[in-house]
Peer 1: 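Before I ask anything, here is the structure I am working with.
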2 protein chains.
Amino acid sequence: MHRRGVWDGMAHGLDWSNLQYFHEVARTGTLSGAARRLGADHATVGRRIAALEHSLGRKLFERHQRGYSLTRQGRRLLAIADAMEREAARVEAHAGSDAVGGTVRLSTLEGFGNFFMAPRIGGLLAANPGLVLEWLTIQQLVALSRREADITVTLSPASGARFRSEKLTDYRLALYGAPAYLDRHPPIRDEADLRAHLFTGYIEDLVFTRGLDYLGDLAGGAISARLQNSSLGAQLAAIRAGLCLGVLPVFVAQAAGEGLVAVLGGEVALVRSYWMSVSEDDADNPRVQRVCETLRDSVMAAGDLFMAEP
Amino acid sequence: MHRRGVWDGMAHGLDWSNLQYFHEVARTGTLSGAARRLGADHATVGRRIAALEHSLGRKLFERHQRGYSLTRQGRRLLAIADAMEREAARVEAHAGSDAVGGTVRLSTLEGFGNFFMAPRIGGLLAANPGLVLEWLTIQQLVALSRREADITVTLSPASGARFRSEKLTDYRLALYGAPAYLDRHPPIRDEADLRAHLFTGYIEDLVFTRGLDYLGDLAGGAISARLQNSSLGAQLAAIRAGLCLGVLPVFVAQAAGEGLVAVLGGEVALVRSYWMSVSEDDADNPRVQRVCETLRDSVMAAGDLFMAEP
DNA sequence: CCTCGTCTGTGCATCCGCGCACAGACTATG
DNA sequence: CATAGTCTGTGCGCGGATGCACAGACGAGG
């Protein structure tokens, strides 16, 4: 068995160092400049770029006499490398702060957080004067690390044994449109009629969280969204303004008030679930428990709001 | 000059490879397991973990006879490494898709996107039947790479010469509360009265986008938010529900309709700006231009909505 | 108790990636 | 035209990181 060489790539996945080199070359535009910043030789940088291109099977740079310039595919990769760089920068920044005083960090999906929980969180703050709540509203695109927050609410239980997960509730989704939109179009009688319509939905490429690809479940998957937005709030706004149809949780539509009509009421029946997860380490922290209880109790008190008929 | 060694760390920043090794050890819990997955020897993995700890000056793992377990500081680092891992995974996933047919990717801040532009985007889609719009609603926490989208709307012009930026408009912000909240509390006559109140705002740690730290500008910086949320929509919901006070763009408050009263109307006068940036490469793409025009025209047509008095 | 399988930790010889040095090409400045 | 300062690309010799082998410790299972 021979040793692993640069050109073999790694056994599993790629070498993050090469991405780091790539990022620096893309930033500075030259091998030499990147080499200076990395504390390495330009020859080394060139070799690692070549290795990365080889392992991806793609040309990332246009070799030019005066430097390197990104190809189209390189530009796409740079967006990702940028994101990694941003994370890496946090290592040094956050290294000192050990955080935590009276703060609890909670992360929830947009629908549950903004349209259900936000108006109901007052009691918790009133009853606990020392408590500061840091609340991340996450969109489907950022499958945020569960370690980033003390408590997370997501669509599926946390994998791995380091977390305790419990189901909060199931909830129903339905297809909605605005009266103005429905008046302008012929009546919709069955799923087949849907194909002629304009839809909004999540951005397909970015759907990490499994279970948010609603439209695929409709009309045999023949529907796709021409207006794709990462935010539920934007989708709601577009539907209410009468631009298009879209799938919404029933409780979100109710919270939004007037201006929404369920299309094909009974036929389109989607159900998803909210799960609450808390890290094993924090499970017995009283503050964290307090917040968990509030979430649980609020869902309980809401009765059948989540499973209501549209 | 001697060569750079593992123990020296890098000249600038840390070695991403070491983070990759760290991530794998944290995941598997053993050096040997990580080594197998990485296609390396357990001795190598152990040395690199030691090097990372040395360069950070922190102990990341508890050495145990049966494996490695994370320390408290290691757990914090893992959250970051997880995020990097997630990005790295996209490299291989996205490597194939070269995207782009008739799609344009747009990213906007939540206020501008969800509360202004979303209801006004219908004409663009109607006039361009082939166009698919991928629309990222970004929150303040994710200072998303501008390369991630074809067009971005942010609070400041893009730095660097690779982008063309233009100012869309200034906009005004004011302090709002719900009638129910204001009725329950003594009248607010000047900024000093604000100190007794409960506020919502962005998560302080995560404010990357400069210019979203509204509360710091009020009452001499003596105010801080006990309810911190990364999403404007959630803050709006909390304010409307009468839980607290908060700063909102005036046009957002107007779009939200009833249930909001401006506090200290004239005195609290905050102004920010929206900038639209487009990559140099895409500037002459007709589809991209079409979307840019729509944004420009919509803002223009809105008249003084953005600078309206509360 | 013994054996097997797993884990970490540590010398040691080896080899591969590294920095170095130099060549060739282009630009800017005078 | 000449010179100085960039840049990339390519051999070459070297040394440090790597894989290997082995020791020691622990748990499971017969």
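All heavy atoms count here, side chains included; hydrogens, waters and symmetry mates do not. Since the structure is predicted, the reported quantities are computational estimates derived from the model, not experimental observations.
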Peer 1: A/R290 and A/E293: salt bridge (charged side-chain N to carboxylate O under 4.0 Å, His left out), yes or no, with the steps?
Peer 2: CA-CA 5 Å; A/R290 203 77 56 81; A/E293 281 163 26; 5.3 Å; no
Peer 1: Hey, what bend do you get for the helix from C/dC1-D/dG30 to C/dG30-D/dC1 if you fit axes on five pairs at each end, rounded to 10°?
Peer 2: 30°
Peer 1: I want to check something: taking the side chain as every heavy atom from C-beta on, are A/L19 and A/M84 in contact at a cut-off of under 4.5 Å?
Peer 2: yes
Peer 1: Whole angstroms only, please: what is the CD-C1' distance between B/Q65 and D/dA28?
Peer 2: 17 Å
Peer 1: So does B/T44 get a side-chain nitrogen or oxygen closer than 4.0 Å to the phosphate oxygens (OP1/OP2) of D/dG19?
Peer 2: yes
Peer 1: Let me know the distance between CZ of B/R36 and P of C/dT8, rounded to the nearest Å.
Peer 2: 9 Å
Peer 1: Would you say the side chains of A/W135 and A/T108 form a donor-acceptor pair under 3.5 Å?
Peer 2: yes
Peer 1: Hey, are B/E87 and A/R86 close enough for a salt bridge, meaning a charged N less than 4.0 Å from a carboxylate O?
Peer 2: no
Peer 1: Report yes or no: does B/R58 contribute a side-chain atom to a donor-acceptor pair with the main-chain N or O of B/L56 at less than 3.5 Å?
Peer 2: yes
Peer 1: From the options D/dA21, D/dG19, D/dC7, select the nucleotide whose nearest atom is closest to the side chain of B/H42.
Peer 2: D/dA21
Peer 1: Does a side-chain N or O of A/R63 approach OP1 or OP2 of D/dC7 to a distance below 4.0 Å, or not?
Peer 2: no
Peer 1: Any salt bridge linking B/E53 with B/R63? Criterion: basic side-chain nitrogen under 4.0 Å from a carboxylate oxygen.
Peer 2: yes
Peer 1: Rounded off to whole Å, could you give me the NE2-to-P distance for the B/H64 and D/dC26 pair?
Peer 2: 10 Å
Peer 1: Taking N and O atoms by type only, does the side chain of A/R47 place a donor or acceptor under 3.5 Å from a partner on the base of C/dG19?
Peer 2: yes
Peer 1: Nearest whole angstrom, please: distance from the P of D/dA17 to the CG of A/D15.
Peer 2: 15 Å
Peer 1: With a 4.0 Å limit, can you tell me whether B/Y68 has a side-chain N or O closer than that to the phosphate oxygens OP1/OP2 of C/dG9?
Peer 2: yes
Peer 1: Take the protein atom CZ of B/R48 and the nucleotide atom P of C/dG9, then report the distance between them rounded to whole Å.
Peer 2: 17 Å
Peer 1: Rounded off to whole Å, could you give me the CG-to-P distance for the A/L38 and C/dG19 pair?
Peer 2: 10 Å
Peer 1: Check whether any side-chain N or O of A/S32 sits under 4.0 Å from OP1 or OP2 of D/dT8, and answer yes or no.
Peer 2: yes
Peer 1: Taking the side chain of B/L31 as its heavy atoms from C-beta onward, which of C/dC20, C/dT8, D/dG19 lies nearest to it?
Peer 2: C/dT8
Peer 1: Can you tell me if B/R66 touches the phosphate of D/dA28, counting only side-chain N or O atoms and a distance under 4.0 Å to OP1 or OP2?
Peer 2: no
Peer 1: Figure out the CD1/P separation between A/I49 and D/dT10, and round it to whole Å.
Peer 2: 16 Å
Peer 1: Identify which one of B/Y68, B/F61, B/W16 satisfies the ring-ring contact (aromatic ring centres under 6.0 Å, His included) criterion when paired with B/F22.
Peer 2: B/F61
Peer 1: Could you give the NE2-to-P distance, from A/H54 to C/dG17, as a whole number of Å?
Peer 2: 13 Å
